[in-house]
Protein chains: 2
Amino acid sequence: MADILHRIGVKDASPEKVYDALTTVDGLAGWWTEDTRDNGGVLEFRFLPGGFDMEVVETRPAEHVSWRVVDGPPEWVGTTIDWDLRQDGDYTIVLFSHRGWEKEVEFMNHCSTKWGSYLLSLKSLVETGTGAPAPNDVQISDWH
Amino acid sequence: MADILHRIGVKDASPEKVYDALTTVDGLAGWWTEDTRDNGGVLEFRFLPGGFDMEVVETRPAEHVSWRVVDGPPEWVGTTIDWDLRQDGDYTIVLFSHRGWEKEVEFMNHCSTKWGSYLLSLKSLVETGTGAPAPNDVQISDWH
(Lines give C-alpha, C1' and ligand atoms only; values in the text may rest on other atoms or scores of the structure.)
Protein backbone atom coordinates (compact mmCIF):
# COMPACT_ATOMS: atom_id res chain seq x y z
CA MET A 1 0.00 0.00 0.00
CA ALA A 2 1.28 3.44 -0.90
CA ASP A 3 -0.02 6.96 -0.30
CA ILE A 4 0.10 10.42 -1.81
CA LEU A 5 0.32 13.31 0.67
CA HIS A 6 0.06 17.07 0.24
CA ARG A 7 -0.38 20.22 2.30
CA ILE A 8 -1.32 23.75 1.33
CA GLY A 9 -2.31 26.84 3.31
CA VAL A 10 -5.07 29.05 1.96
CA LYS A 11 -4.43 32.62 3.08
CA ASP A 12 -7.10 34.87 4.61
CA ALA A 13 -9.72 32.18 4.13
CA SER A 14 -11.87 30.41 6.70
CA PRO A 15 -12.09 26.62 6.82
CA GLU A 16 -15.79 27.06 5.93
CA LYS A 17 -14.85 28.69 2.63
CA VAL A 18 -12.38 25.93 1.72
CA TYR A 19 -14.95 23.33 2.78
CA ASP A 20 -17.45 24.88 0.33
CA ALA A 21 -14.91 24.48 -2.49
CA LEU A 22 -14.67 20.76 -1.60
CA THR A 23 -18.36 20.01 -1.14
CA THR A 24 -20.31 22.03 -3.73
CA VAL A 25 -20.41 21.32 -7.46
CA ASP A 26 -19.64 24.97 -8.21
CA GLY A 27 -16.68 24.90 -5.85
CA LEU A 28 -15.27 21.63 -7.19
CA ALA A 29 -15.78 22.79 -10.79
CA GLY A 30 -13.75 25.88 -9.95
CA TRP A 31 -10.50 24.09 -9.20
CA TRP A 32 -10.57 20.45 -10.35
CA THR A 33 -12.63 20.02 -13.49
CA GLU A 34 -15.34 22.17 -14.99
CA ASP A 35 -17.20 18.95 -15.86
CA THR A 36 -18.32 18.04 -12.32
CA ARG A 37 -21.73 16.63 -11.36
CA ASP A 38 -23.39 15.36 -8.18
CA ASN A 39 -25.27 12.16 -8.87
CA GLY A 40 -27.04 11.54 -5.55
CA GLY A 41 -24.04 11.37 -3.24
CA VAL A 42 -21.60 10.26 -5.93
CA LEU A 43 -19.51 13.05 -7.37
CA GLU A 44 -18.72 12.57 -11.07
CA PHE A 45 -15.57 14.31 -12.24
CA ARG A 46 -14.88 14.17 -15.98
CA PHE A 47 -11.69 15.01 -17.89
CA LEU A 48 -10.76 14.68 -21.53
CA PRO A 49 -9.29 11.17 -21.15
CA GLY A 50 -11.90 9.88 -18.68
CA GLY A 51 -12.89 10.55 -15.14
CA PHE A 52 -13.50 9.53 -11.55
CA ASP A 53 -16.65 8.76 -9.57
CA MET A 54 -16.29 9.51 -5.86
CA GLU A 55 -18.66 8.30 -3.20
CA VAL A 56 -18.83 10.95 -0.49
CA VAL A 57 -18.14 8.82 2.57
CA GLU A 58 -17.98 11.46 5.29
CA THR A 59 -18.25 15.20 5.68
CA ARG A 60 -17.82 17.28 8.83
CA PRO A 61 -18.42 20.96 8.02
CA ALA A 62 -15.23 23.03 7.93
CA GLU A 63 -13.18 20.05 9.17
CA HIS A 64 -13.16 16.94 7.05
CA VAL A 65 -14.18 15.49 3.69
CA SER A 66 -13.69 11.84 2.75
CA TRP A 67 -14.24 10.25 -0.67
CA ARG A 68 -13.98 6.68 -1.90
CA VAL A 69 -13.29 6.10 -5.60
CA VAL A 70 -16.08 3.89 -6.95
CA ASP A 71 -15.25 4.18 -10.66
CA GLY A 72 -12.31 5.37 -12.74
CA PRO A 73 -8.86 4.04 -13.64
CA PRO A 74 -8.32 0.59 -12.10
CA GLU A 75 -5.44 1.90 -9.96
CA TRP A 76 -7.84 4.39 -8.35
CA VAL A 77 -10.88 2.20 -7.68
CA GLY A 78 -11.13 1.44 -3.96
CA THR A 79 -8.62 4.11 -2.94
CA THR A 80 -9.66 6.87 -0.55
CA ILE A 81 -9.11 10.60 -0.61
CA ASP A 82 -9.22 12.58 2.63
CA TRP A 83 -9.23 16.31 3.20
CA ASP A 84 -8.57 17.73 6.67
CA LEU A 85 -9.04 21.42 7.31
CA ARG A 86 -8.02 23.60 10.24
CA GLN A 87 -7.49 27.27 10.91
CA ASP A 88 -3.93 28.31 11.70
CA GLY A 89 -3.49 32.07 12.07
CA ASP A 90 -4.37 33.74 8.76
CA TYR A 91 -4.42 30.42 6.94
CA THR A 92 -6.73 27.48 6.47
CA ILE A 93 -4.40 24.50 6.37
CA VAL A 94 -5.46 21.69 4.03
CA LEU A 95 -3.99 18.25 4.64
CA PHE A 96 -4.62 15.95 1.70
CA SER A 97 -4.10 12.21 1.43
CA HIS A 98 -4.89 9.77 -1.36
CA ARG A 99 -4.36 6.37 0.22
CA GLY A 100 -4.61 2.72 -0.58
CA TRP A 101 -2.73 2.45 -3.88
CA GLU A 102 -2.04 -1.25 -4.26
CA LYS A 103 1.27 -0.78 -6.00
CA GLU A 104 3.71 2.06 -6.48
CA VAL A 105 3.23 2.44 -10.23
CA GLU A 106 4.47 5.29 -12.44
CA PHE A 107 0.88 6.55 -12.72
CA MET A 108 1.03 7.21 -8.97
CA ASN A 109 4.02 9.54 -9.45
CA HIS A 110 2.00 11.38 -12.09
CA CYS A 111 -1.09 11.65 -9.91
CA SER A 112 0.96 12.96 -6.99
CA THR A 113 2.37 15.85 -9.02
CA LYS A 114 -1.01 16.47 -10.61
CA TRP A 115 -2.77 16.56 -7.22
CA GLY A 116 -0.20 19.09 -5.99
CA SER A 117 -0.96 21.26 -8.99
CA TYR A 118 -4.73 20.97 -8.43
CA LEU A 119 -4.30 21.87 -4.75
CA LEU A 120 -2.61 25.09 -5.83
CA SER A 121 -5.61 25.62 -8.12
CA LEU A 122 -7.89 25.18 -5.10
CA LYS A 123 -5.77 27.67 -3.14
CA SER A 124 -6.00 30.16 -5.99
CA LEU A 125 -9.76 29.68 -6.37
CA VAL A 126 -10.45 30.42 -2.72
CA GLU A 127 -7.92 33.25 -2.46
CA THR A 128 -8.63 35.04 -5.74
CA GLY A 129 -11.88 33.62 -7.11
CA THR A 130 -10.08 31.95 -10.02
CA GLY A 131 -8.69 28.42 -10.14
CA ALA A 132 -7.26 26.39 -13.02
CA PRO A 133 -9.66 23.45 -13.41
CA ALA A 134 -9.56 21.07 -16.39
CA PRO A 135 -9.60 21.57 -19.32
CA ASN A 136 -7.52 24.66 -18.48
CA ASP A 137 -5.32 22.95 -15.89
CA VAL A 138 -1.53 23.08 -15.78
CA GLN A 139 -0.03 20.50 -18.14
CA ILE A 140 2.78 18.69 -16.36
CA SER A 141 3.78 16.04 -18.94
CA ASP A 142 2.81 13.89 -21.93
CA TRP A 143 0.15 12.35 -19.67
CA HIS A 144 -1.29 15.83 -19.30
CA MET B 1 8.99 4.33 6.08
CA ALA B 2 7.13 6.63 3.73
CA ASP B 3 7.94 8.07 0.33
CA ILE B 4 7.20 11.10 -1.81
CA LEU B 5 6.75 10.45 -5.54
CA HIS B 6 6.43 12.76 -8.52
CA ARG B 7 6.57 12.68 -12.32
CA ILE B 8 6.90 15.44 -14.90
CA GLY B 9 7.59 15.48 -18.63
CA VAL B 10 9.89 18.14 -20.03
CA LYS B 11 8.82 18.92 -23.58
CA ASP B 12 11.24 19.17 -26.51
CA ALA B 13 14.18 18.56 -24.20
CA SER B 14 16.78 15.80 -24.23
CA PRO B 15 17.57 13.79 -21.09
CA GLU B 16 21.06 15.32 -21.31
CA LYS B 17 19.63 18.82 -20.88
CA VAL B 18 17.53 17.82 -17.87
CA TYR B 19 20.53 15.98 -16.42
CA ASP B 20 22.55 19.21 -16.67
CA ALA B 21 19.88 21.02 -14.64
CA LEU B 22 20.27 18.36 -11.93
CA THR B 23 24.04 18.14 -11.84
CA THR B 24 25.46 21.64 -12.36
CA VAL B 25 25.37 24.45 -9.82
CA ASP B 26 24.00 26.84 -12.46
CA GLY B 27 21.30 24.37 -13.39
CA LEU B 28 20.27 23.63 -9.80
CA ALA B 29 20.30 27.36 -8.94
CA GLY B 30 17.93 27.90 -11.84
CA TRP B 31 15.04 25.88 -10.44
CA TRP B 32 15.56 25.03 -6.75
CA THR B 33 17.38 27.77 -4.91
CA GLU B 34 19.62 30.54 -6.17
CA ASP B 35 21.85 29.90 -3.15
CA THR B 36 23.38 26.60 -4.32
CA ARG B 37 27.02 25.55 -3.90
CA ASP B 38 29.10 22.47 -4.65
CA ASN B 39 31.37 21.68 -1.72
CA GLY B 40 33.47 18.81 -3.06
CA GLY B 41 30.73 16.33 -3.89
CA VAL B 42 28.28 17.69 -1.34
CA LEU B 43 25.69 20.04 -2.78
CA GLU B 44 24.70 22.82 -0.38
CA PHE B 45 21.22 24.24 -0.96
CA ARG B 46 20.26 27.24 1.16
CA PHE B 47 16.84 28.82 1.70
CA LEU B 48 15.66 31.61 3.97
CA PRO B 49 14.75 29.28 6.85
CA GLY B 50 17.71 26.92 6.46
CA GLY B 51 18.91 24.39 3.95
CA PHE B 52 19.95 20.93 2.89
CA ASP B 53 23.32 19.30 2.25
CA MET B 54 23.17 16.50 -0.28
CA GLU B 55 25.89 13.95 -0.86
CA VAL B 56 25.91 13.04 -4.52
CA VAL B 57 25.79 9.26 -4.26
CA GLU B 58 25.46 8.27 -7.91
CA THR B 59 25.21 9.88 -11.32
CA ARG B 60 24.74 8.20 -14.70
CA PRO B 61 24.70 10.82 -17.45
CA ALA B 62 21.26 11.49 -18.90
CA GLU B 63 19.79 8.64 -16.83
CA HIS B 64 20.06 8.85 -13.08
CA VAL B 65 21.00 11.11 -10.17
CA SER B 66 20.97 9.98 -6.56
CA TRP B 67 21.46 12.15 -3.46
CA ARG B 68 21.62 11.36 0.24
CA VAL B 69 20.72 14.09 2.72
CA VAL B 70 23.68 14.52 5.07
CA ASP B 71 22.52 17.71 6.83
CA GLY B 72 19.29 19.65 7.15
CA PRO B 73 16.01 19.23 9.03
CA PRO B 74 16.11 16.09 11.20
CA GLU B 75 13.25 14.52 9.22
CA TRP B 76 15.40 14.77 6.07
CA VAL B 77 18.76 13.53 7.32
CA GLY B 78 19.43 10.02 6.00
CA THR B 79 16.64 10.14 3.41
CA THR B 80 17.45 9.66 -0.27
CA ILE B 81 16.36 11.54 -3.36
CA ASP B 82 16.45 9.82 -6.74
CA TRP B 83 15.95 11.22 -10.20
CA ASP B 84 15.38 8.90 -13.17
CA LEU B 85 15.35 10.31 -16.68
CA ARG B 86 14.26 8.78 -19.96
CA GLN B 87 13.26 9.99 -23.38
CA ASP B 88 9.67 9.32 -24.40
CA GLY B 89 8.70 10.87 -27.72
CA ASP B 90 9.05 14.65 -27.49
CA TYR B 91 9.45 14.52 -23.73
CA THR B 92 12.12 13.77 -21.19
CA ILE B 93 10.25 11.98 -18.42
CA VAL B 94 11.52 12.71 -14.90
CA LEU B 95 10.63 10.22 -12.17
CA PHE B 96 11.35 11.63 -8.74
CA SER B 97 11.34 9.89 -5.38
CA HIS B 98 12.25 11.12 -1.91
CA ARG B 99 12.36 7.99 0.19
CA GLY B 100 13.09 6.84 3.69
CA TRP B 101 11.02 9.23 5.79
CA GLU B 102 10.82 7.57 9.19
CA LYS B 103 7.36 8.82 9.98
CA GLU B 104 4.49 10.29 8.02
CA VAL B 105 4.61 13.75 9.62
CA GLU B 106 2.79 16.89 8.45
CA PHE B 107 6.11 18.29 7.24
CA MET B 108 6.18 15.42 4.73
CA ASN B 109 2.85 16.57 3.26
CA HIS B 110 4.36 20.05 2.91
CA CYS B 111 7.54 18.78 1.28
CA SER B 112 5.56 16.67 -1.19
CA THR B 113 3.58 19.66 -2.46
CA LYS B 114 6.70 21.82 -2.45
CA TRP B 115 8.70 19.25 -4.43
CA GLY B 116 5.89 19.12 -7.00
CA SER B 117 6.08 22.87 -7.35
CA TYR B 118 9.89 22.80 -7.70
CA LEU B 119 9.63 20.08 -10.35
CA LEU B 120 7.40 22.37 -12.39
CA SER B 121 10.09 25.03 -11.88
CA LEU B 122 12.66 22.57 -13.29
CA LYS B 123 10.37 21.87 -16.25
CA SER B 124 9.98 25.58 -16.89
CA LEU B 125 13.72 26.22 -16.59
CA VAL B 126 14.59 23.60 -19.19
CA GLU B 127 11.70 24.44 -21.52
CA THR B 128 11.86 28.24 -21.37
CA GLY B 129 15.17 29.17 -19.72
CA THR B 130 13.40 30.52 -16.63
CA GLY B 131 12.54 28.63 -13.45
CA ALA B 132 11.20 29.82 -10.12
CA PRO B 133 13.96 29.01 -7.61
CA ALA B 134 13.98 30.30 -4.03
CA PRO B 135 13.69 33.06 -2.93
CA ASN B 136 11.26 33.62 -5.81
CA ASP B 137 9.56 30.24 -5.53
CA VAL B 138 5.81 29.64 -5.39
CA GLN B 139 4.51 30.12 -1.85
CA ILE B 140 2.15 27.28 -1.01
CA SER B 141 1.32 27.96 2.66
CA ASP B 142 2.34 29.56 5.98
CA TRP B 143 5.38 27.25 5.88
CA HIS B 144 6.32 28.91 2.61
Side-chain angles (χ1 to χ4, degrees), chain A residues 1-13 18 75 81-101 103-124 126-128 132 137-144, chain B residues 1-13 18 75 81-101 103-124 126-128 132 137-144:
Chain A
M1 286 286 192
D3 308 323
I4 293 170
L5 305 173
H6 287 294
R7 178 189 190 275
I8 54 166
V10 186
K11 198 162 192 295
D12 298 328
V18 177
E75 299 91 338
I81 291 158
D82 285 277
W83 305 84
D84 286 290
L85 313 178
R86 71 165 197 270
Q87 180 104 41
D88 210 344
D90 292 341
Y91 288 83
T92 288
I93 303 302
V94 180
L95 290 180
F96 168 94
S97 61
H98 182 177
R99 299 183 189 278
W101 291 72
K103 272 188 273 183
E104 199 192 284
V105 289
E106 187 168 332
F107 183 47
M108 188 178 162
N109 290 246
H110 167 76
C111 293
S112 175
T113 313
K114 201 76 195 174
W115 270 128
S117 175
Y118 280 123
L119 283 161
L120 294 180
S121 168
L122 165 65
K123 174 176 164 68
S124 171
V126 178
E127 286 178 354
T128 72
D137 49 331
V138 176
Q139 194 179 341
I140 66 166
S141 75
D142 54 334
W143 288 355
H144 197 92
Chain B
M1 286 286 193
D3 308 324
I4 293 170
L5 307 172
H6 286 294
R7 178 190 191 274
I8 54 168
V10 186
K11 197 160 194 295
D12 298 328
V18 177
E75 298 91 337
I81 290 157
D82 285 276
W83 305 84
D84 286 289
L85 313 178
R86 71 165 197 271
Q87 181 105 40
D88 209 344
D90 292 341
Y91 287 84
T92 287
I93 303 302
V94 180
L95 289 181
F96 168 93
S97 59
H98 183 177
R99 298 184 191 275
W101 291 72
K103 272 188 274 181
E104 198 192 285
V105 289
E106 187 168 333
F107 183 46
M108 188 179 164
N109 290 247
H110 168 76
C111 293
S112 175
T113 313
K114 200 79 194 171
W115 270 128
S117 175
Y118 281 123
L119 283 160
L120 295 180
S121 168
L122 165 65
K123 173 177 165 69
S124 171
V126 178
E127 285 178 353
T128 71
D137 48 332
V138 176
Q139 192 179 342
I140 66 166
S141 74
D142 54 334
W143 288 356
H144 197 91

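All values derive from a computational prediction rather than experimental measurement. Order of the sequence lines fixes the chain letters, A, B, ..., with proteins taken first and strands second; residue numbering starts at 1 for each chain.
Shown here are the salt bridge (Lys or Arg N to Asp or Glu O under 4.0 Å) partners of Asp142(A), two or more places apart in sequence or in another chain: Arg7(B).
The choice from Leu95(A), Leu120(A), Val10(A), Asp88(A) that makes the most heavy-atom pairs within less than 4.5 Å of chain B is Leu95(A). The most heavy-atom pairs under 4.5 Å with chain A, out of Ser112(B), Ser117(B), Ser97(B), come from Ser112(B). Between chain A and the residues Asp90(B), Ile8(B), Thr113(B), the largest count of heavy-atom pairs under 4.5 Å involves Thr113(B). The most heavy-atom pairs under 4.5 Å with chain A, out of Met108(B), His110(B), Glu104(B), Gln139(B), come from Glu104(B).
Using a 4.5 Å cut-off between heavy atoms, Phe96(A) contacts chain B through its backbone alone, with no side-chain atom that close. Residue Ile140(A) touches chain B through both its backbone and its side chain, counting heavy-atom pairs closer than 4.5 Å. Both the backbone and the side chain of Glu106(A) come within less than 4.5 Å of a heavy atom of chain B.
For residues 107-124 of chain B, the set of pairs meeting the salt bridge (Lys or Arg N to Asp or Glu O under 4.0 Å) definition, not counting sequence neighbours, comprises Lys114(B)-Asp137(B), Lys123(B)-Glu127(B).
Of the residues listed (Ile93(A), Ile4(A), Leu5(A)), the one engaging Asn109(B) in a side chain to side chain contact (heavy atoms under 4.5 Å, CB included) is Leu5(A), and it is the only one.
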